[in-house]
Amino acid sequence: MRLERTSRWDRWKEFFAGFPFSIWIWAILLGCIGVVFIHSATFRIEERIGMASKQAMVLMVLPLLALLLAFAKRRRILDLAWPCYLLALLALAMLLMYGTTINGARRWFRLGGLSLQPSEFVKPIMILVLARYLRFEVGGRFVKGILVPIGLTMIPMMLMVRQPDLGSALALLPVTFAMAYVGGARGLSLVSLALMGFLCFVVLFPSLHDYQKERIVVWLDQWLTIDRSMDLGAGYHLHQSQIAVGSGGIFGDGLFQGMQSRFDYLPYRSTDFLFSVIAEETGFVGSTIVILLYSGFCLWIFRLGSTIRDRFGRLIAVGVGTYFLTHLWIHVGVTTGLLPTTGLPLPLLSFGRSSASAAWLALGLLGHALLQRERNLSRDRYL
Amino acid sequence: MRPGPSRFRIFFFLTVLVVVALCAQLLDLQVRKRNVLARERIENILGAEFLAAPRGRILARDGSVLAEDQMRFEVAIHYRYFRRDHPLALLLHFDALTRWIRREEGDSGLARRLPEGLVPAVAEGAGLRYQDGLDRFDQALDRWLALPCSRLRRKGIRLQKALSSLRFYTFRLLSQVVEQDQAALYGRDYKISTRFNSWPEDQDQQSILERFAVPLTGLEGTEAQVELRERLRRRLHEGHANLEYLDRRLALEPIPPKVSVFARLDHWFEFHQTALDGWLKALAEKRADRLRQRKKETLGAWLHRLFLGEERLEVPDLEAKIDRIYEIEDYPKPMFPGVSVSFDRIVALIAGRQALYPGFRIQERYGRIYPSGTDETRLRLGPYPGDLLKGLVPKVIGTVRTEWADPSKRKDKEAPKLTANPYQTIVDDYSFQRYSEKLLDYAWSMGRLSRRVGSSGFEKSLDRFLRGENGLRSTVSDRRGIEVGMPNINEAKPGRDVRITLDWRLQTLGEQHLELMAKELEFGPYDAESEHHGSAALAIIDARSGDVLCMASFPRAIELEFEGKQTWMPIAKNACLDTPFRQGYIGSTIKPFMAIEGMLRFENPLHLVEECRGRNGRSGSGGRFYYQNRAFSISCNQHVLRGLELHCSEGIENAIQESCNAFFCQLGRLMGREGLESALGRFGLFSGSPRSTTTDPGLRILEPGFAGSTWPLNRMGIGYGVKAAPLQVARAYAALGTGRLPDLRLVESIDGTVQPHGGSDLGIEDRILSRVRAGLTRVVTRGTANGHPWLSRTHTAGKTGTAILWAPSPGPELVKRYRSWFSGYYPREDPTIAFSCVFFGARSGGGKMAARTIDSFLARLDADARLRRYLPDFSRSRRVR
């Protein structure tokens, strides 16, 4: 029997079978939008000039690195999950002792000229770990299917809260809940747990940091009373961000014309408040398009995830999709005043090498989950 | 249960839900609330600085400056421009407070002497505005108290200066708390300063509070800590409260300028040598080490964590700006000790580079000073305005007050409007300033919005000329207050200079003289219920031009309203312009005008009346006449008939000379009301007459005449029920002397533009006038005002007047007092000066009191070489009998 010769094209085609090119292109498109607005937010400030080009460099390098992860052997990725988890916990613990404090938060390691934010890397690692753990846990067993994943999440969460980085810590919970749900947990149990968690939060409110309490009070204040006395204090970020978003109007001030960022009234505008810059400069039309693009990106991830037939891949897909969706919700919610102020970048758009790396790590995992070749080798099937 | 692809549906749903929620919020912000938020954005960026307009000067007749605005400078530190709890601001605030407390305790002397409420005028140096309020301040204080003592130790060369500063302020604060003299604290009892280095290392981790509580309070354990914290808080709160008050006072209260300037100068040096300079230098020196330290920890970061437990992104920006200060070559030297440079130069340099001093503002203000006059009439530059506002300033020149822009301080109807419409721009009652409440905070902090307006005297009556128009400098600035755009400047329009006709020396002499006479009369403070109440006026005008030369008034030492309720009378009162007692009838000074009207109407009115025989001529009455078929008798007060059988037998001159009531009563009856109006109106003494209208912008004068009077005609014929201000009477007598009624003129020129003279001829035949003039001359030589040498010597012609006034007494009955007038002109041949002097509440009539006052005043004029020009040339004088 003569083996049919396959062309080079066919070999490449087979190699890339299932690879989500659309997601990659979509992510790069979002990254480009991010670079433009990072430039807009920083080009007038001498010491911040160059942030956009740094982000552009990151955008060129990270997709390639993510490819390596996508094409890694599944066995190897599964083997790496627990060591990565332990390493992340160790990094978070060491951060409390050796981390660099900026604005009262100890979230960064300084390595030479680079800053590394371990809590960002924890997010894709948690997706990997939970997917690995849940891939065989079929059914709605409460302890193994829900409590253990939540327990696994709570450990890094506690360490992140100690930094303090409440925003990143809370962003882990939806991912965990989503993966547990897709892993087979009962929805009612998860909803009950979420309600209990909310009650716990209310009970533990007095133990929050002063600035966290103030931010929540200020956030509530915009609906309860009209007291702008805190606009210069704890409410400064929220107030200035709302001003930026609102004054954009329908069509915005025009690219690079945002006055709130030009005159330095908008804090952290290249990272945690980047969407405010987008909204101010492009208005309702532009910011809605960005939201639609980003949410479409998430939807597409979910859509692709729903086509995966192995559990690990599905869990990865839902984890990554929820990760991006949660960040979109929190980031835009904070900048528009829907949520209390917390510092959370918008992955792929906001400046931050740690944040971008984590996003592309997650996309690498997603690419891996979608690869036909690896799917065929998987033993954890739904069918 | 085997979960399948259906579990993904909820994520599609959630994604759509997120999109809907976010878009709805965007819709709310960007469409519904767009206008409000866009306006707030503009208010973020746009700043407004009100450029104060200097008030115009008031110049005297000879060009002497009576009142002018003087520029003052003030350094203010705005905490808002620093990040929250910034160590620099924190230490400056502590420094400001301790500085104030130290002054309060009296080691500077000057502040101690000041009465309550005036301390800020001198201690204003500590001008840090701590806008976050006392709660935040408490937190800062607690944080400072919780610092480990090791921070006060000397750990290394690089930290030496910063730690020295920290030790320095720590020492000062603690020393204030124990309320001991600082020198004592260096001694054996406390040794706070040496303790910074003397405790064992195992106590390094104790907080400042723990370490110092016991030795400073003398208590034990936690009780000591609670006590120390409370003492500190109490002291600093007290300082803070006063500081706040101080700021307000500084922004709004006129401060005696010399004190202010020197205090600020001292403060400026001291401030920069200690607090600011020390810190800025320390930070600047750190710059060189920054690169080397980057791999480890920057000193700045260390310091910030040391103080605040946090580091902010903005700190490098601030440091960079501070560094730039030290790169300026012509940086003002007095920032460093030992080199003196003019204060103006410093201010100019700093003001020109305010962008380099985030949080520091040089504010320019104007203060009103009154530089001319003798000690008594000049507002001396000192801290006791209550003692000084006498003489020219309060009564004649007047004073200014601050017209508050702050709605909380305003009581007018605009305040509620502002509160109701925070964004509404309105024009206030005085139409001098447009403002909106949103700008108010900023403008208030800059102290530019409020405006000084005339409160009394010329300052009030000439306010529309003197008041300038504030300018507005709108700026575009970034978050730190650094201007990033070209400012739009609407320049301030300074007020116009007004030169008045008043001779301030003559005025001063007049006031002094009236005061002497009032003392002789035992006039007391104004009190309508007192038998000693009384007032006096001396009006002197140029008989030809009508220029007001003197408008002296008693009382003149009137305390300002803000000093309490013990004011004598409203400050705007001047007895030359108005009568403090409402029934200030002109009495017999009306008689020359009556005589003229009588001669015009009846040729020889003596033939028409019953002859007067004086009080001693026949028993019981000086004259008797019939009016409406009823017999009236009237007493003529002249006791001596000087050899004449009848009062008026020699003619109307004699009637004037003897001030014959019987004749003029009958004349009043004969002329009727219309005749009286005509007699007064011809000389500008009746409000219905066009000649009575005062066109001068500076004169707010009493409406003359007898409108509303119910006195019978015969009594009105001798001046009862007829009111006129002394200036109006003087003008009428000038007309008698010259034949021309001049317009009173107080404003000589406005910004160099001379105001026109006015006046009109009386149109009366000379023969009539000459008879009246002869009568006025005989008043001085032989009549009711005879026996006064200086009146004769200056060839004065005049007329006395006496109207009875029933004044309250300690008993149930009223006591008899007089309105004593003497009005006239000199020299009679060619009058140059006309005058009118009046005492309200005198114990004797015009001949004895008012005429004597003029006589002695003329003597004092002769004694003053600078005022002698107001007397006639005696070499040409001749005695007339």
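As the structure is a computational prediction, the values presented were derived from the model and not from experiment. Here is the naming used below: chain letters follow the sequence lines, and residue numbers restart at 1 for every chain.
In this structure, B:F11 and A:V182 have side chains that are in contact, with non-hydrogen atoms separated by less than 4.5 Å. Between B:Q30 and A:I250, the closest side-chain pair of non-hydrogen atoms is not below 4.5 Å.
Screening A:T335, A:L338, A:L292 for a side-chain contact (heavy atoms from CB on, under 4.5 Å) with B:L22, the sole residue that qualifies is A:L338.
The structure places OG1 of A:T336 at 6.0 Å from CG of B:L29, a figure rounded to the nearest 0.5 Å. With rounding to the nearest 0.5 Å, the separation of OG1 in B:T15 from OH in A:Y294 is 12.0 Å. The SG atom of A:C298 sits 11.5 Å away from the CG atom of B:L14 when rounded to the nearest 0.5 Å.
Proximity to chain A (any heavy atom under 4.5 Å) is restricted, for B:I10, to the side chain, taken from C-beta onward. Using a 4.5 Å cut-off between heavy atoms, A:A178 contacts chain B through both its backbone and its side chain. Proximity to chain B (any heavy atom under 4.5 Å) is restricted, for A:F275, to the side chain, taken from C-beta onward.
The most heavy-atom pairs under 4.5 Å with chain B, out of A:G248, A:G252, A:S287, A:G249, come from A:G249. Contact count versus chain B (heavy atoms, under 4.5 Å) is highest, among A:T322, A:L328, A:I291, for A:I291. Note on B:V16, B:L27, B:V31: by heavy-atom pairs under 4.5 Å with chain A, the leading option is B:L27. In terms of non-hydrogen atom pairs under 4.5 Å with chain B, the most contact-rich of A:G333, A:G283, A:G296 is A:G283.
Using cut-offs of 30° and 60° for the angle between ring planes, the B:F8 and A:F302 rings count as perpendicular.
Minimum heavy-atom separation, A:S247 to B:A38: CB-CA, 3.6 Å. Considering all non-hydrogen atoms of both residues, A:F284 and B:C23 come closest at CE1-O, 3.7 Å.
Among residues two or more places apart in sequence or in another chain, the salt bridge (charged side-chain N to carboxylate O under 4.0 Å, His left out) test is passed with A:R303 by none.
B:R41 forms no cation-pi arrangement with A:Y265, by the criterion of a distance under 6.0 Å to the ring centre and an angle within 45° of the ring axis.
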